[in-house]
Number of protein chains: 2
Amino acid sequence: MSISERKERQRAERYELILSTACELAEAEGWDSVTTRRLAALIDYSQPVLYSHFKGKAEIVGAVAIRGFEELAERLKISKVGAAGQTNILRNVCAAYLDFARSRSVIYEAMFVLPTGLKFASEETPAALQAAFAELVAALGPKRDMLAMKAEVLWSALHGLAVLVQSERIPATGAEARLNVLVKAFS
Amino acid sequence: MSISERKERQRAERYELILSTACELAEAEGWDSVTTRRLAALIDYSQPVLYSHFKGKAEIVGAVAIRGFEELAERLKISKVGAAGQTNILRNVCAAYLDFARSRSVIYEAMFVLPTGLKFASEETPAALQAAFAELVAALGPKRDMLAMKAEVLWSALHGLAVLVQSERIPATGAEARLNVLVKAFS
DNA sequence: AAAAAATATCTAGCAACGACAGCTTTATGT
DNA sequence: ACATAAAGCTGTCGTTGCTAGATATTTTTT
């Protein structure tokens, strides 16, 4: 079974190559430029090969998004260490979320804006996604009533800020002050 | 000069026809289905005629968006009448915003999600857009410190809720409870 | 009233898109 | 060595946004 193992490994490598290339291209020129043709050319395979890995373009975006959820959950977790007091934890988590949205804006777009076909808040929700949401819930502290609801509204506010600043509907200046307002409102 | 007036009027009528048709088509099948060809066929003109009115597809979406801002500002204004107390005003305005996003989701998408080339928070920001934002600011009441910042965060939260519920990333149930959380956080 | 200029509109086409059917090459197991 | 199965490519379909060039219509000038 060593040969088929090798094949499978090579297939997995190509899968990764597709995702990383898609990511790089999107980062360089935006998701609109990530077409199946350009992607195929960049990985030195013909276009239909992509369809042997993914059902379509949306599924490629979705796969990138899942990687993004893993990284986001990780970053939120790390942001908590060394924070003194509940308010500080909340503040750090919010800052980490917004920083992720800013520094990985292309991946963020895949996760939360583009159509991916991913299921949220259900049985088949990817584990990474659930983990990221759990970090938000935990950041709100021990006050128990309506916890999930509060987390959803907090998440909405963070997402709104991220996406409205990104699309220049809210000016980039004043991010610090808005973070202060947000943390105060939720602590 | 009566003839040229008539011509100008007919041109304006066709402009309106394009916008209303685009709106109807988007409402029926989504913005992806609003292609220049289908739009042209529906108004019984050839495709290039659209380009004599608009620079491109994005500008058509932008024109629909501006109409949306007018309606949103109007709705927010109306929502205030008969509200007793500052908190009630805030609550009504938030509810009106979310209701607009829900009931006119296609127009909302044009206003806040799709690329339109509209300038926000600048000199050339459309009046309707400024008016809508002013309603949000007013809803926060007379407390003066960081008013614009607070309004931006409130708007972000509303937008986040609207868009995350719309894309089924937050469940539709519990809208009332989330509104409670939001209003409490900002009053 | 005829000729010239300007305006309005259409036909046809470009380059690029996502997706797929079917053929050809390559590798596998006997 | 040979049949078979898997993998990948060429070519194509139907669309997309957008535009150049041709044509018809109206307006202005002579």
Side-chain angles (χ1 to χ4, degrees), chain A residues 1-19 21-23 25-26 28-65 109-110 113-118, chain B residues 1-19 21-23 25-26 28-65 109-110 113-118:
Chain A
M1 277 297 150
S2 173
I3 282 183
S4 68
E5 273 174 17
R6 190 208 65 216
K7 288 205 163 187
E8 208 163 319
R9 198 188 63 234
Q10 287 178 334
R11 231 186 114 74
E13 278 168 15
R14 195 171 59 182
Y15 180 95
E16 292 301 322
L17 180 62
I18 292 171
L19 288 194
T21 306
C23 230
L25 182 52
E29 306 186 25
W31 281 108
D32 278 353
S33 297
V34 181
T35 69
T36 54
R37 278 168 223 274
R38 291 196 64 182
L39 208 44
L42 284 171
I43 64 171
D44 293 323
Y45 280 94
S46 75
Q47 191 203 6
V49 163
L50 298 176
Y51 290 84
S52 78
H53 285 278
F54 304 94
K55 229 176 57 194
K57 186 187 168 175
E59 208 169 281
I60 298 178
V61 179
V64 171
E109 194 182 350
V113 181
L114 297 178
T116 58
L118 260 50
Chain B
M1 275 298 151
S2 173
I3 283 183
S4 67
E5 273 174 18
R6 189 209 66 215
K7 288 207 161 185
E8 208 163 317
R9 197 189 61 234
Q10 288 178 334
R11 227 186 120 73
E13 277 169 15
R14 195 172 58 183
Y15 180 94
E16 293 302 321
L17 179 61
I18 293 171
L19 288 194
T21 307
C23 227
L25 182 52
E29 306 186 27
W31 281 107
D32 278 353
S33 297
V34 182
T35 69
T36 54
R37 274 170 231 275
R38 290 197 63 182
L39 207 44
L42 284 172
I43 64 171
D44 292 323
Y45 280 95
S46 74
Q47 195 197 8
V49 163
L50 299 175
Y51 291 85
S52 78
H53 285 278
F54 304 94
K55 230 176 58 194
K57 187 185 168 175
E59 208 170 279
I60 298 178
V61 178
V64 171
E109 194 182 350
V113 181
L114 297 178
T116 59
L118 260 49

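Here is how names work: the chains are called A, B, and so on, in the same order as the sequence lines, proteins then strands, and each is numbered from 1. Because only heavy atoms are used, hydrogens play no part in the values below, and waters and symmetry mates are left out as well, while side chains stay in.
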I need the T35(A) OG1 to K57(A) NZ distance, nearest 0.5 Å. 7.0 Å
To the nearest 0.5 Å, what is the distance between CD1 on I60(A) and OG1 on T116(A)? 13.0 Å
Within this structure, what is the CH2-to-C1' distance between W31(A) and dC17(C), rounded to whole angstrom? 17 Å
Closest to side chain of T36(B), choosing from dT9(C), dC18(D), dA12(C): dC18(D)
May I ask you to test the W31(B)-V113(B) pair for a side-chain heavy-atom distance under 4.5 Å? no
Over all heavy atoms of both residues, which pair between V64(B) and C23(B) is shortest? Give the atoms and the distance, please. CG1-SG, 3.9 Å
What would the secondary structure line of DNA chain C be in dot-bracket form, counting Watson-Crick and G-U wobble pairs under 3.5 Å, with [ ] for pairs that cross earlier ones and | for pairs with another strand? ||||||||||||||||||||||||||||||
For the side chain of V49(B), counting heavy atoms from C-beta on, which of dC10(C), dT19(D), dA19(C) is nearest? dC10(C)
Can you name the residues that form a side-chain contact (heavy atoms from CB on, under 4.5 Å) with Y15(A), not counting sequence neighbours? L19(A), H53(A), F54(A), A63(A), R67(A)
Looking at residues 52-59 of chain B, who's got a heavy atom less than 4.0 Å off DNA chain C? none
Separation between CG of L17(A) and CG of L42(A), rounded to the nearest 0.5 Å: 9.0 Å
Grab the OH-P distance between Y51(A) and dC13(D) for me, whole Å please. 17 Å
N/O (side chain, R37(B)) to phosphate O (OP1/OP2, dG13(C)) under 4.0 Å: no
Distance-minimising heavy-atom pair for A22(B) and V34(B): O-CG2, 3.8 Å
Minimal non-hydrogen separation, G62(B) against L118(B), with atom names: CA-CD1, 4.0 Å
Shortest non-hydrogen contact from A40(B) toward S46(B): CB-C, 3.7 Å
Which of the following nucleotides, dA20(D), dT16(D), dG18(C), is nearest to the side chain of P48(B)? dA20(D)
Is any side-chain nitrogen or oxygen of R11(B) closer than 4.0 Å to OP1 or OP2 of dT7(C)? no
Within residues 38-47 of chain B, residues whose heavy atoms come under 4.0 Å of DNA chain D: Q47(B)
Calculate the interatomic distance between I60(B) atom CD1 and dC18(D) atom C1'; express it in whole Å. 12 Å
Please name all residues satisfying side chain to side chain donor-acceptor pair (under 3.5 Å) with R38(B), sequence neighbours left out, ordered by chain then number. E29(B)
Hits for side-chain contact (heavy atoms from CB on, under 4.5 Å) against Y45(A), two or more places apart or cross-chain, chain-then-number order -> R14(A), I43(A), V49(A)
Can you measure D32(A) atom CG to dT16(D) atom P for me and round it to whole angstrom units? 16 Å
